[in-house]
There are 2 protein chains.
Amino acid sequence: MVSEREFLDGYDPRDYPAVAVTVDVVTLTIRDGVLHVLLVERGEQPYAGRLALPGGFVREETLDQAALRELAEETGILPRVHLEQLATFGDPGRDPRMRVVSVAYLAFAPRLPDPTVGGDAAAARWVPVDDATGLAFDHDAVLAAGLERARAKLEYSPLATAFVDEEFTIAQLRGVYTAVWGEEPHAGNFHRKVLSVPGFVEATGTTTERGGERGGPRSKLFRAGDARILHPALLRPTPEERA
Amino acid sequence: MVSEREFLDGYDPRDYPAVAVTVDVVTLTIRDGVLHVLLVERGEQPYAGRLALPGGFVREETLDQAALRELAEETGILPRVHLEQLATFGDPGRDPRMRVVSVAYLAFAPRLPDPTVGGDAAAARWVPVDDATGLAFDHDAVLAAGLERARAKLEYSPLATAFVDEEFTIAQLRGVYTAVWGEEPHAGNFHRKVLSVPGFVEATGTTTERGGERGGPRSKLFRAGDARILHPALLRPTPEERA
DNA sequence: CCAATAGTGTCTATTAGACACTATGAC
DNA sequence: GTCATAGTGTCTAATAGACACTATTGG
């Protein structure tokens, strides 16, 4: 933290200009097997008409609360959303109006209704992550950081269960990995692996009402287990940069 | 980021009071086989006499530059230091004087000279992490986050090489894992494992001048390799919480 | 029947880890 | 010589992944 000496004596408004602190939220969900991110369309300068991550000023609240509030304002009530701090972006000039330090958050949510409620929601929409380029400010970099975090966390945390409904099939869980990693794990091996990791999923004892669209047996249904880390982990087929 | 509407119309000083942005740095090193953290003694209220992480205001610079600058002010020139952003702490009330949002950084350094140069260095010193409790502000939590990050990163990144000199023996590298994890990996298996991970270390072709203090063969010397991630990873003996 | 999918069986290559062993060199 | 340590050999259990196969069910 700031030292007393600097705080009392060294303070010079020219060295320490007014700083605004905001939160931006990278909210990911899966729709029709494709990973989407929640974006809002900017109405005014700068970056008018461009898409941006939803966000806003931090008020008299914790940073976590600020992120949750912003998310709720954009999407209405959010059940079972997982939210975690991602990273903080504060380069001078990232906002042309003033110095803005933005604490980015990452949210994972099961399939959500289209955002039509409250706040800036009129302009909010889900965009496939592959189409989410040319965002306002440095939000391309923020999104990229969020995606890389999400891909990495699928490996060693049971986070995939945050993308599906409360009860889900192994195939739906596999669909999460396919959408986020962009690569489909081998169905049979994935099935056995998921069941073998302690605490990842637990059986409900029930099955789906019907088989697949074009036939097939009914799937057993599962709930998220109580594990907070996966051990052993489900490693990505292609292990790439994780710095 | 902040929406234009809120920025122009919704701004209310009572909602968005003045915020100070600082960086705090968790600097870790190993001295005599024990993990130490760099702390400064506070001279004034609040928390006068208590130990705290070094840090200070962010100026007209990037957050990374601010962290590097603070670290240099505390310790003098820092060769080969690894620095990465850790997390941001911004609870209201974490500083009793005003709203302070602090971006915490994590630094790893090889054995350093005692900090005696410039800045607040007169009061700076290395403290074994086990003794670093009761810190000022919320710095206990910041330090804990830094330690957990360090422990996790040893598994899948070649970060251990940031704690040793440019040329090092496998035993010295093992000492890093022992100090950070608090548990000694099996010497023989560790040796073979380190050499088998592509890009972790590369042989220099030279050996130490002498064997150990109480005898033993000379060790081969190694340099850090070019890998940025370890694959396969070196897993901790006891896989615990990683959220 | 046919196609698609859930779930299981089985085999192989790789790896972690336990343990043992040899060689070196300071004292 | 003694003893701690560097480095290697070897065996076993666990695991990832390839592949094959059976069972189920919608069309």
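One interatomic measurement links the two molecules: CZ of A:R236 to C1' of D:dG17, which rounds to 18 Å at whole-angstrom precision. A:L230 has its CG atom 14 Å from the P atom of D:dT15, to the nearest Å. The CZ atom of B:F190 sits 15 Å away from the P atom of C:dA18 (whole-angstrom rounding). One interatomic measurement links the two molecules: CD of A:E184 to P of D:dA18, which rounds to 13 Å at whole-angstrom precision. Here the P atom of nucleotide D:dG7 and the CD atom of B:Q172 are 11 Å apart, to the nearest Å. In this entry the distance linking NE2 of B:H191 with C1' of C:dA20 reads 17 Å, nearest Å. Atom C1' of nucleotide C:dT15 and atom CG of B:L195 are separated by 16 Å, given to the nearest angstrom. Atom pair A:L235:CG and D:dG17:P shows a separation of 7 Å (rounding to whole Å applied).
Position along DNA chain C of the nearest nucleotide to A:I170 versus A:G216 favours A:G216 as the more 5'-ward residue. Both B:T169 and A:G188 lie close to DNA chain D; mapped to their nearest nucleotides by heavy-atom distance, the more 5′-ward contact belongs to B:T169.
Donor-acceptor pairing under 3.5 Å, judged by distance alone, is present between the side chain of B:R192 and the base of D:dG9.
Here C:dT8 is the nucleotide among C:dT8, D:dA6, D:dG26 with the atom lying nearest to any side-chain atom of A:K220. When the nucleotides D:dT8, C:dC19, D:dC19 are ranked by their closest atom to the side chain of A:H186, D:dC19 comes out on top. For A:S219, the side-chain atoms get nearest to C:dG7 when compared with the rest of C:dG7, D:dG27, D:dT15. Here the nucleotide nearest the side chain of A:N189, chosen from D:dT8, C:dG9, C:dA23, is C:dG9. Candidate nucleotides C:dA26, D:dG27, C:dT8 were compared by shortest atom distance to the side chain of B:R218, and C:dA26 ranks first. Comparing C:dT24, C:dA6, C:dA26 by their nearest atom to the side chain of B:R210 picks out C:dA26.
A side-chain donor-acceptor contact under 3.5 Å links A:T88 and B:T88.
In this structure, A:D130 CG and A:H36 NE2 are separated by 10.0 Å, a value rounded to the nearest 0.5 Å.
Contact check, B:R174 against D:dT5: no side-chain N or O comes under 4.0 Å of OP1 or OP2.
Classified by interplanar angle (parallel below 30°, tilted 30° to 60°, perpendicular above 60°), the ring pair A:W181/A:Y177 is perpendicular.
Nucleic acid contact class of B:A171 (heavy atoms, under 4.0 Å, all strands): sugar-phosphate only.
Within a 6.0 Å radius of CZ in A:R80, other residues, nucleotides and ligands contribute more than 12 heavy atoms.
Under a 4.0 Å N-O distance rule, the pair B:R236/B:E183 does not qualify as a salt bridge.
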